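In what follows, a single structure is set out as structure tokens and then discussed.
Quantities reported herein were computed from a predicted structural model and do not represent experimental measurements.
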Amino acid sequence: MYTGLKHLHSTLAYVLLAGLVISILYVLFAYLQNKGYNRKMALLGLICAHLQFVVGLIIYFVSPYGVQNASGAMQNSISRLYFLEHPLTMLIAVVLITVGYSRAKRQPTAKKQNASVLLFYAIGLILILSRIPWHVWPQP
């Protein structure tokens with residue numbers, strides 16, 4: 001079960017990155033051209049982020065690197081990455097993406113809606129890229 005979830009998580013990482021980049025680029029072009037806010041494009045990045053986070057959360061409790069490795073996690077940098085840094089940073093990124101999407105719904109103009117999604121999604125993407133375990137990615 002763990003191997004299948006790990007492969008799913010690795011595959012969904014590509015989907016997440018593609019979904020976020022597509023959402024950010026679409027919103028960026030809409031912002032620069034003063035076009036209307038497209039909620040479905042913003043929803044693409046939000047759904048990808050939440051789906052990846054749920055699979056990652058399941059892996060966190062099943063993996064030998066997750067909760068089961070809590071006793072010695074801080075001494076080794078790889079264990080610390082899997083136990084603390086990666087999950088915490090991904091949680092913060094998903095929260096920021098969710099805040100950006102929710103905040104955009106309350107903005108009065110399309111330009112402010114696009115700006116909200118653009119800002120929070122870009123920060124979320126930067127956080128995600130900063131904590132991807134690059135030493136095992138892309139996985140064969």
Seminar exercise, completed: Between the CZ atom in R103 and the OG atom in S116, the distance rounded to the nearest 0.5 Å is 4.5 Å
Exercise. Can you tell me how far OH of Y26 sits from CG of N114, rounded to the nearest 0.5 angstrom?
Worked result: 9.0 Å
Exercise. Transitively linked via ILVMFWY side-chain contacts under 4.5 Å: I126 with W134?
Worked result: no
Exercise. Near Y37 OH, under 6.0 Å, is it more than 12 heavy atoms from other residues, nucleotides or ligands?
Worked result: yes
For this session: Please confirm whether the backbone N or O of L20 pairs with a side-chain atom of S23, one donor and one acceptor, at under 3.5 Å?
Result: no
Exercise. Say you draw a straight line from OG1 of T3 to CG of L8; how long is it, rounded to the nearest 0.5 Å?
Worked result: 12.5 Å
Exercise. Hey, is the main chain of E85 close enough, under 3.5 Å, to the side chain of T89 for a donor-acceptor pair?
Worked result: yes
Problem set entry | CG-CD1 distance between L127 and I132, expressed to the nearest 0.5 angstrom | 11.5 Å
For this session: Please report the closest heavy-atom contact between A49 and I97, naming both atoms and the distance.
Result: CB-CD1, 4.0 Å
Exercise. Within the side chain of Y121, is there an N or O that forms a donor-acceptor pair under 3.5 Å with the backbone of A42?
Worked result: yes
Problem set entry | Single-linkage hydrophobic cluster, 4.5 Å side-chain cutoff, I22 and L118 together | no
For this session: Without swapping roles, check the side chain of Q113 against the backbone of A104 for a donor-acceptor pair under 3.5 Å.
Result: yes
For this session: Kindly work out whether a path of hydrophobic side-chain contacts (I/L/V/M/F/W/Y, heavy atoms less than 4.5 Å apart) joins L16 to V21.
Result: yes
Seminar exercise, completed: To the nearest 0.5 Å, atom CD1 of I24 lies from atom CG of L28 at 9.0 Å
Exercise. Which atom pair, heavy atoms only, marks the closest approach of L129 to L17?
Worked result: CD2-CD2, 3.9 Å
For this session: Over all heavy atoms of both residues, which pair between G36 and A30 is shortest? Give the atoms and the distance, please.
Result: O-CB, 4.0 Å
Exercise. Quick one: does Q52's side chain have a donor or acceptor within less than 3.5 Å of a partner on H9's backbone?
Worked result: yes
For this session: Please check if L96 and M41 belong to a single hydrophobic cluster, counting links between Ile, Leu, Val, Met, Phe, Trp and Tyr side chain heavy atoms closer than 4.5 Å.
Result: no
Problem set entry | H86 side-chain N/O to R131 backbone N/O, donor-acceptor pair under 3.5 Å | yes
For this session: Please say whether the positively charged group of K111, taken as NZ for Lys or CZ for Arg, lies over the ring of Y31, i.e. under 6.0 angstrom from the six-membered ring centre and within 45 degrees of the axis.
Result: yes
For this session: May I have the step-by-step check of side-chain contact (heavy atoms from CB on, under 4.5 Å) for Y60 and F83, ending in yes or no?
Result: CA-CA 8 Å; Y60 185 70; F83 174 70; 3.4 Å; yes
Exercise. If you round to the nearest 0.5 Å, how far is CD1 of I59 from NZ of K6?
Worked result: 9.0 Å
Exercise. Does I128 belong to the same Ile/Leu/Val/Met/Phe/Trp/Tyr cluster as L46, with side-chain heavy atoms less than 4.5 Å apart forming each link?
Worked result: yes
Exercise. Taking atom CZ of F53 as the centre, does the number of heavy atoms from other residues, nucleotides or ligands within less than 6.0 Å exceed 12?
Worked result: yes
